[in-house]
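Quick notes on the structure that follows.
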Amino acid sequence: MKLWGGRFTKPTNELVDEYTASISFDQKLAQYDIQGSLAHVEMLAKCEIIPKEDAEKIKQGLQVVAEKIATGKAELTEANEDIHMNVEKLLIDEIGAVGGKLHTGRSRNDQVALDMRLYLREALVTLVELLTKLQDALIKQSNENLDTILPGYTHLQRAQPVLFAHHMMAYVSMFERDVERLKDSYKRVNRSPLGAGALAGTTFPIDRHFVAEQLNFDGVVENSLDAVSDRDFVVEFLSNASLVIMHLSRLSEELVQWSSAEFNFIELDDAFCTGSSMMPQKKNPDVAELVRGKSGRVYGHLMGMLTTLKGLPIAYNKDMQEDKEGMFDTVETIKGALALFAPMIETMEVKKDNMYAAVAEDFSNATDLADYLVNKGLPFREAHAVVGQVVLHCIQENKYLLDLPLEAFKQFSDLIEEDIYQVLSPKTVVNARDIVGGTAKNRVEDQIKLASSRLEESKHWIAVFAEKVNVLKKN
Ligand code: ARG
């Protein structure tokens with residue numbers, strides 16, 4: 001008989017069991033479910049809702065069930081629908097009818113919301129940690145490439161030279177925002193819904209704050225209806241995760257391009273590439289491609305969750321069971337991508353000479369010729385037109401700016417002097433961008449310093465919050 005079978009006159013159709021059960025995926029929540037139950041039963045005893053001896057039996061029973069599930073010795077069944085009822089059933093099998101007191105003053109509706117929050121807050125700490133490791137790898141590459149110049153692109157056309165360190169630090173900034181968003185979301189995740197009951201609260205004199213404190217929550221979700229129907233935290237997570245994988249996907253695209261023979265700017269370590277079953281010469285950037293590809297499923301989960309929630313009346317609806325697989329898959333997808341990206345970036349070979357050669361063979365110093373003329377008094381718009389003419393002349397002559405003799409320059413403007421060769425050299429061009437956030441070497445060094453100190457703050461956050469979420473493992 002089902003735990004809720006009392007008012008039914010016959011068993012559920014087998015297909016219904018199969019269709020409505022969530023045990024195949026929510027068993028991932030087992031340890032969180034049990035930890036939540038341990039805190040709940042502790043509170044029931046403290047508030048004298050159940051006798052202390054019963055609470056002790058239930059706690060011991062829950063520990064045994066936890067152990068059995070962890071070691072694969074417990075049978076989790078579709079007939080028992082979900083992780084909550086499977087655990088309760090296992091508990092009753094273990095300690096007898098007294099196990100039936102556990103669910104006093106609680107519903108699966110507040111229970112599942114609790115489990116989701118416990119799972120997610122731990123995942124947030126793990127993901128922030130993985131993100132900081134990737135930032136470390138990018139900063140390491142930046143430090144090693146403070147003199148590496150490559151063309152900067154707009155429209156994928158060579159635009160102005162930049163330091164490779166500057167390019168890497170742009171990604172550090174993106175991932176820093178991702179870290180901030182995940183950290184910020186933690187405080188909305190970290191609230192206890194337990195005590196909301198099915199929707200309206202409970203008639204028992206429970207202590208919601210006691211449960212929240214035991215589980216290291218920052219407080220409770222105030223409104224019981226909101227507590228059981230809120231899945232904003234899932235949507236917010238999926239949205240933040242979408243930004244993470246979007247950033248990873250952009251970086252992936254660059255790695256794929258740069259490792260092509262056409263660019264030949266980097267070489268990914270053999271350990272992070274794969275081969276072809278037919279073409280013996282191939283070395284493919286599969287990891288980067290797959291991360292780029294997996295952005296689709298993460299965005300899909302975000303759209304899926306938003307769509308599931310849209311139009312749902314308050315409070316719990318079975319539709320909400322659809323919140324789990326997308327969230328789990330997103331956590332795993334992002335974890336997998338970040339775990340690979342950090343060492344892949346760290347071990348990538350940067351082909352400095354090829355990057356420099358690309359800069360030498362382009363017009364990415366053209367803006368600097370225009371700026372030179374502006375410094376000599378020409379309005380920028382006129383200078384722009386003059387340089388356009390010089391570039392056109394070079395293209396026709398199959399030359400670059402630095403190949404032109406001074407007399408040739410003078411035909412376009414007699415403001416141009418011998419010092420122009422120095423001004424147009426890639427290194428001068430880069431270092432001329434000497435403003436906050438610019439690509440001049442000293443400015444990039446400043447960026448690295450600032451980003452590194454903020455990274456230290458994130459690492460401190462990780463240490464503090466890893467401790468907090470580990471309350472689960474301790475009790
Ligand atoms: N398996 C359910 C879920 O994942 C748990 C909550 C079920 N509540 C209920 N009243 N049917 O959402």
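Counting starts at 1 for both ligands and their atoms, following the listed order. The first residue in the sequence is number 1, and the count goes up from there.
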Which residue and heavy atom of the protein sit nearest [atom], plus the separation:
atom                    : answer
atom 4 (O) of ligand 1  : K324 NZ, 2.5 Å
atom 8 (N) of ligand 1  : N109 OD1, 2.9 Å
atom 5 (C) of ligand 1  : D82 OD2, 3.4 Å
atom 11 (N) of ligand 1 : R108 NH2, 3.5 Å

(request) Would you check if there is a donor-acceptor pair between the side chains of R106 and S37 at a distance under 3.5 Å? (result) yes
(request) Looking only at non-hydrogen atoms, find the nearest pair between D110 and V228 and report the distance. (result) N-CG1, 3.7 Å
(request) Give the numbers and elements of all ligand 1 atoms closer than 4.0 Å to a heavy atom of S22. (result)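 Ligand 1 atoms under the 4.0 Å threshold to S22: 1 (N).
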(message) Suppose I only count heavy atoms of Q321 and a 4.0 Å limit; which atoms of ligand 1 are within that range?
(response)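 Answer for ligand 1: 1 (N), 2 (C), 3 (C), 4 (O), 12 (O).
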(message) Any nitrogen or oxygen of H84, side chain or backbone, less than 3.5 Å from one on ligand 1?
(response)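 It does not: no N or O of H84 is found under 3.5 Å from an N or O of ligand 1.
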(request) Give yes or no for whether the N/O distance cutoff of 3.5 Å, strictly under, is met between K318 and ligand 1. (result)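 In fact, backbone or side chain, K318 has no N or O that close.
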(request) Measure the acute angle between the ring planes of F265 and F263, then classify it against the limits of 30° and 60° as parallel, tilted or perpendicular. (result) perpendicular
(message) Tell me which pairs pass salt bridge (charged side-chain N to carboxylate O under 4.0 Å, His left out) where either residue lies in residues 290-302, with sequence neighbours left out.
(response) E253-R292, R297-D329
(request) Output yes when R117 and D230 qualify as a salt bridge under the 4.0 Å nitrogen-oxygen rule, no when they do not. (result) yes
(request) Specify side chain, backbone, both or neither for Q111, according to which of its non-hydrogen atoms lie closer than 4.0 Å to ligand 1. (result)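 Neither part.
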Would you list the atom pairs, donor with acceptor, under 3.5 Å between side chains in residues 443-451 and any protein atom, with sequence neighbours excluded?
unit_1, atom_1, unit_2, atom_2, d
R443, NE, D434, OD1, 2.7
R443, NH2, D434, O, 3.3
Q447, NE2, H166, ND1, 3.0

(request) Would you mind finding which of F25, W4, Y316 brings a heavy atom closest to atom 12 (O) of ligand 1? (result) Y316
(message) Are F25 and F328 an aromatic pair, judged by ring center distance below 6.0 Å?
(response)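 No - the distance between ring centres of F328 and F25 does not fall below the 6.0 Å cut-off.
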